[in-house]
Student: 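This is the structure, below, for whatever I ask next.
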Amino acid sequence: MSHATYNAMWWAAQADLHRLTAKDRRLQRRQRETDKRASLAWVVRLYADYIRITRRLDEVHDQLVHPQKRILIRRLLDGCIGRLLELKHELYTELDKSNFHYMDDLLIEQKLTHQDLEVPSPRYYRRENEPELQARREFVDRVLAKMAAEAEKGSAVVAAEAVAAVEAAEEAALAGLSKGGRARRMREMLQEQHEAAEQEPADQRALREAVHLIQMHERARQNRIQSFNRRKWMEQRYQQPTAKKDRPSAERQHAAAVEIQRHYRGHVARRRVRKYREKEDTLVGMLMPRSVDYSYKARIEEVQALRRKLRRDLQAAYEATIVQEREWVDRVLSPDIFDDIGDEMRDWVQSWYYDVKKLPKYPPGRERKLAGTLLGLPRKTPKDMFPVVDTVIPGVPPRKLGGSNLVTADFWCTSTEFKEAAEKLAKDKKKGKGGKAAKTKLSREEKKEQRAKRREAKKAEKQRKLADKQRGFQLEESAVMPALGIAEQEYRVDWEQIRPPEDNPLEELYVDLIRDEEIHAKQFEVRQAIDDLMRAELEKLKEAVWREKNKRRKRKRKRKKKGKKRKKKKKGKRRGKKKKKDLTADKTTDELLEMLVRAGVVRNSAVACMEDFFGEPAYCNFELRERLKDPLPTLGDIRQAVREFCILPLGSRRAHELAPLVKSVLLAGPPLCGKSLLADIVCTETGALRIDLTPEAVAAAREKFPAKKEWKLFLHVVNKVARLLAPTVIVMDNAHRNYYKRVPKAERPLKPKKFARTLKKIVKGIKKPDQVLVLGLTNEPWKARGRRLVKAYQRHVFVPPLDYGSRFLLWHKFIMEHHGVDRNFEVTPLAHVTEWVPLPTIREVVNRVLSVERRIHLDFRPLRQQEVLTALLEFPPVPPVKERAKWLKWWGRTPIQKKRAKVLEEWQKAAESEKGGGGKNEAHNGEIRRRIKTITKKHWDKPPPGTSTPAGAAGLWRGSADRGNRRQKCIN
């Protein structure tokens, strides 16, 4: 697509975002609602709108080539991602209390598909840092190759000794066989065989000779019969009718030709009709085509790659222009900026001195966050004396300020405000001298009482907030909206009103914007030098004023009596947190990374994308939740949850700082359900460094760092590298092994439980600026002691086995990839009987059945379901029903599922109370509900044949009657 197309997409997305943020601000001012289920509806709608805006901005940011526009779109995109994650946090903790949210009513209303509301993985997470990621992967590969070379070099001595020993033995053998030794050796071997034959018992020798004779005669007989049959078949084939009586009559020949013609024409007609029907069904999407032309996809990817190349070229030109403008500002405008700011600050000092009759205190150079109150006022000034200062500077992103910037931005008090505050404090002090007694020093007990009162007040405030949350729901104030509002205002001021896309069809750079930004940056840079100069000048002025005052008061001043000089009290050092000593301050990042690679905890993760995790979203869970049920998720829902918990917060530093902090995630599921693939996907989509701290890797690292100080150094390096090379994913495969109830005998040398406390410290040390995620994988969580495994991780996601819909599509996809298979091949029976069968097994079964030889015979020997089932029986069986019940039991005991059950119970009670107060028509409504239940009982309450419900849990089945009429069944 063209530049104009993506500019129009940006303009439309920006207009929708403006309306959406206005709506969001109105909803944040909304009063607390008592009905949380009603609040859930509009929060989910707001959440879905942000998903759609995020998808559009991501596409525009990826394909728009203008670098200055992309900077603003990137800020908008990060803001939308942060707000999206905030709403997800509200849904997770307050309203829905679930990992998954279903919006089928919204899809029907707005005529959307599930793919339209699927949370995207922003493309810039990986593509913008691709050169650095590729260099890091090559560095890790080089270190591993170096380690392999060192291992080969170490074992070369042993191998040389072994080779030398073998060569010596061969030389000795050859020396023994030379000069007639070979013939002598042959005679010795024959003599040994003859002696062994003589020592064999006579009955065994006779039996062996008889068996050999029978085998010889039987083989000869079989060869004679085969030769005879072959000769007879050849004679019958090539025999020509010699006599006239052997030839059929003309009528019989004609009848035979007509019969053959009739059968052939019927066969051709049936084949033509079958092809026509197949073509028609393929056209409407009921059948998968035998061959698909994917050239259009290649063309789209080619165009997108060309646009990305053009984008890189424009980015390089943009950076070169920045360097040129910076040099011009330094050469031409820097002296004028220096003089202007210096004159401005000198005028400020002079006007302050004339108004207050006192030199001002210069603002400190340390940058600080703006708290909304004036700075520079006298001590003990009441906070409510002056109005609150807006900390947001129009058109400037939120940042810390210090020095003369505080004066220029009006965050420092003026001379008039300082005089008012000083006069009020003086009046209050005079009133206090006449009427109030001096403050008495509090005793230790009184201080304890005051601290206890403060603690009780905090506890009461906390309980009040908790009671408010339980009483209803109110959308919390967003931390993302200010930054998002500034980006929108910059769009309206700099782009919408001044620089419409029609005026720049070739996407040329706006040099005036670059110059303004460089001048602004130069002002901040020059102010630091101005501040140092002004502080020195102000100190000299203060000294001059002090000397002048001393000269005037010298004669009037009385001499003080000489006395003992009081000893100055030594000011005690303020106690604070000791900074942790950096044990590797003298090492570079590459050296630290090489240390971890040699320790065996850093490896390159496999390259995978989210499209590799195949799965369909749940199509009936919305209706089940409307009936206050809690069905299991599908693999499409898992894909959504992993994006929201792992990929979106981790990939962008700005989004990570704005969004609620997620430190650790636990993926639990049966073997071969895709947990390791999801870990690789998270690392690939975010461009993260993978650190493997499984028990085997930790045990290998302990062997290389055995001493206590060395182990402490290793953990320090892990934490430091994780933050230096952020984003980082710390993978804990088989996470339950760190919390074993009883360690198996085979794993006792690994000491897996010893690392549990260290893992807790690692998770606790992750803060907002750190792009670090601890990702746990487990396939037997019930083996962990108590609730320790669940408490160690902040979020829990159950990765279920393949559901019916996913199994159906997988069988259909893998089998129909081969064009020789009949398009009407029914995969419904295969989807029914392969419950809990993992995806790799399904792929391997299809590859084994449809081998090259079998595909050659598909034209005259079609594929049957029995062949697939026979091959499936060769693989290990699926888990028994008891183990499936274990999974459902464990998942029901996780904190999020307990909260979900409590919410459903509250909603059930509310529904029953509403049902009880139905009025006059309650009996009539009850009769209607009873009839509907009777009619639908066959379809909804009867389990499929051959299935059973696990004890204490609700199972979810999806059935299919025939092709084109598939429906899902549920057992409640």
Student: Run the salt-bridge test on Arg823 and Asp281 with the 4.0 Å N-O cut-off and return the result as yes or no.
Tutor: no

Student: Report yes or no: do Ser851 and Glu853 form a side-chain donor-acceptor pair below 3.5 Å?
Tutor: no

Student: Will you find, in the side chains of Glu118 and His114, an N or O donor that is under 3.5 Å from an N or O acceptor?
Tutor: no

Student: Would you check if the side chain of Arg70 reaches a backbone N or O of His61 as a donor-acceptor pair within less than 3.5 Å?
Tutor: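 Yes, because the side chain of Arg70 sits within donor-acceptor range (under 3.5 Å) of the backbone of His61.
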
Student: Identify the two heavy atoms, one from Leu57 and one from Cys80, that lie closest to each other, and give their separation to 0.1 Å.
Tutor: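 That would be CD1-SG, 3.8 Å.
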
Student: Apply salt bridge (charged side-chain N to carboxylate O under 4.0 Å, His left out) to residues Arg299 and Glu302 and explain how you reach the verdict.
Tutor: CA-CA 5 Å; Arg299 177 59 183 163; Glu302 182 182 353; 3.6 Å; yes

Student: Is the backbone N or O of Asp62 less than 3.5 Å from a side-chain atom of Arg123, with the two atoms forming a donor-acceptor pair by type?
Tutor: no

Student: Testing the basics here: between Tyr125 and Glu685, what is the closest heavy-atom pair and its distance to 0.1 Å?
Tutor: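 The answer is CB-O, 3.3 Å.
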
Student: Counting only N and O atoms by type, is there a donor-acceptor contact under 3.5 Å from the side chain of Ser806 to the main-chain atoms of Gly615?
Tutor: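 Looks like no, no N/O pair under 3.5 Å.
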
Student: Counting distance only, does the side-chain N/O of Arg307 pair as donor-acceptor with the main-chain N or O of Gln63 below 3.5 Å?
Tutor: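 Between the backbone of Gln63 and the side chain of Arg307 there is a qualifying donor-acceptor contact (under 3.5 Å).
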
Student: Is there side-chain contact between Ile681 and Val642, with heavy atoms separated by less than 4.5 Å?
Tutor: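 In short, these two side chains do not touch, never coming nearer than 4.5 Å.
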
Student: How far does CZ of Arg843 sit from CZ of Phe614, to the nearest 0.5 angstrom?
Tutor: 10.5 Å

Student: Mind checking whether Val846 and Trp811 have side chains closer than 4.5 Å, heavy atoms only?
Tutor: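 Val846 reaches Trp811 side chain to side chain.
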
Student: Mind running side-chain contact (heavy atoms from CB on, under 4.5 Å) on Leu904 and Lys629 for me, showing each step along the way?
Tutor: CA-CA 8 Å; Leu904 291 177; Lys629 303 295 181 184; over 6 Å; no

Student: Apply side-chain hydrogen bond (donor to acceptor under 3.5 Å, both in side chains) to His66 and list each qualifying residue two or more places apart in sequence or on a separate chain.
Tutor: none

Student: Can you confirm whether or not the ring centre of Phe645 sits under 6.0 Å from the ring centre of Tyr92?
Tutor: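 Ring centres of Tyr92 and Phe645 closer than 6.0 Å.
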
Student: With side-chain contact (heavy atoms from CB on, under 4.5 Å) as the test, would you mind laying out the steps for Arg854 and His818 before giving the verdict?
Tutor: CA-CA 11 Å; Arg854 184 66 183 88; His818 306 286; over 6 Å; no

Student: Measure across Phe622 and Tyr102 and return the closest heavy-atom pair with its distance rounded to 0.1 Å.
Tutor: CD1-O, 3.6 Å

Student: Can you see which heavy atom on Ala38 is nearest to which on Trp42, and at what distance?
Tutor: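 Closest approach of Ala38 to Trp42: O-CD1, 3.4 Å.
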
Student: Just verifying a value: how many Å separate Leu869 CG and Glu874 CD, rounded to the nearest 0.5 Å?
Tutor: 12.0 Å

Student: Would the distance check show the side chain of Arg795 and the main-chain N or O of Val665 forming a donor-acceptor pair, the cut-off being under 3.5 Å?
Tutor: no

Student: Is the shortest side-chain N to carboxylate O distance from Arg56 to Glu59 below 4.0 Å?
Tutor: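 Salt bridge between Arg56 and Glu59, a charged N being under 4.0 Å from a carboxylate O: no.
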
Student: In Å and rounded to the nearest 0.5 Å, what is the CD to OH distance from Gln261 to Tyr264?
Tutor: 10.5 Å

Student: Hey, could you give me the CD1/CZ distance between Ile638 and Phe100, rounded to the nearest 0.5 Å?
Tutor: 4.0 Å

Student: Check whether any side-chain heavy atom of Thr834 sits under 4.5 Å from a side-chain heavy atom of Val845, and report yes or no.
Tutor: no

Student: Regarding Glu130 and Arg127, does a basic nitrogen lie under 4.0 Å from an acidic carboxylate oxygen?
Tutor: no

Student: Kindly indicate whether the side chain of Gln110, heavy atoms from C-beta on, has any atom under 4.5 Å from the side chain of Asp116.
Tutor: no

Student: If you define the side chain from C-beta out and look only at heavy atoms, does anything of Pro633 sit under 4.5 Å from Asn99?
Tutor: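 No - every pair of side-chain heavy atoms lies 4.5 Å or more apart.
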
Student: Flag the pair Leu106 / Val44 as yes when at least one side-chain heavy-atom distance between them is below 4.5 Å, and no otherwise.
Tutor: no

Student: Between His796 and Trp891, what is the shortest heavy-atom contact and its length?
Tutor: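 It is O-CH2, 3.8 Å.
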
Student: In terms of heavy-atom contacts, does NZ of Lys23 have more than 12 from other residues, nucleotides or ligands at under 6.0 Å?
Tutor: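 Atom NZ in Lys23 is packed in, count exceeds 12.
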
Student: Evaluate the side-chain proximity of Phe875 to Val837: yes if any heavy-atom separation is below 4.5 Å, no if none is.
Tutor: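 The answer is no, as the side chains (C-beta and beyond) never meet within the 4.5 Å cut-off.
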
Student: Looking at Pro670, is its backbone amide N or carbonyl O close enough to the side chain of Lys675 to form a donor-acceptor pair, meaning the two atoms are under 3.5 Å apart?
Tutor: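 Yes.
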
Student: Looking at OG1 of Thr841 and CZ of Arg848, how far apart are the two atoms once the value is rounded to the nearest 0.5 Å?
Tutor: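 If I round to the nearest 0.5 Å, the distance is 10.0 Å.
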
Student: Go through it in stages, so that I can follow the logic: the residues are Leu76 and Gln14, the test is side-chain contact (heavy atoms from CB on, under 4.5 Å), and I'd like the CA-CA distance, side-chain angles, deciding distance and then a yes or no.
Tutor: CA-CA 9 Å; Leu76 292 167; Gln14 194 73 46; 3.0 Å; yes

Student: Asp680 and Ser605: which non-hydrogen atoms are nearest, and at how many Å?
Tutor: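 Shortest heavy-atom contact: OD1-CB, 3.8 Å.
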
Student: Strictly distance-based, threshold 3.5 Å: is any side-chain N or O of Asp803 a donor or acceptor partner for the main-chain N or O of Gly805?
Tutor: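 The answer is yes, because a donor-acceptor pair under 3.5 Å joins these two groups.
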
Student: Are any side-chain N or O atoms of Arg52 and backbone N or O atoms of Leu117, one a donor and one an acceptor, separated by less than 3.5 Å?
Tutor: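 Answer holds: no.
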
Student: Please determine, by modelled atom types, if Arg855 and His819 share a side-chain donor-acceptor pair under 3.5 angstrom.
Tutor: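 Checked: Arg855/His819 side chains show no N/O donor-acceptor pair below 3.5 Å.
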
Student: Taking the six-membered ring for Trp, are the ring centroids of Phe825 and His812 within less than 6.0 Å of each other?
Tutor: no

Student: Could you please spell out the steps behind the side-chain contact (heavy atoms from CB on, under 4.5 Å) verdict for Leu830 and Val868?
Tutor: CA-CA 8 Å; Leu830 300 178; Val868 181; 4.1 Å; yes

Student: Which residues pass the side-chain hydrogen bond (donor to acceptor under 3.5 Å, both in side chains) test with Arg274, not counting sequence neighbours?
Tutor: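 So Arg274 forms no side-chain hydrogen bond (donor to acceptor under 3.5 Å, both in side chains) with any residue.
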
Student: Taking C-beta and beyond as the side chain, do Thr54 and Val119 meet within less than 4.5 Å on heavy atoms?
Tutor: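 No, side chains not in contact.
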
Student: Roughly how far, to the nearest 0.5 Å, is CZ of Arg807 from CG of Leu839?
Tutor: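 Going from CG on Leu839 over to CZ on Arg807, the span is 12.0 Å.
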
Student: If we ignore hydrogens and angles and just use 3.5 Å, is the side chain of Asp16 paired with the main-chain N or O of Ala13 as donor and acceptor?
Tutor: no

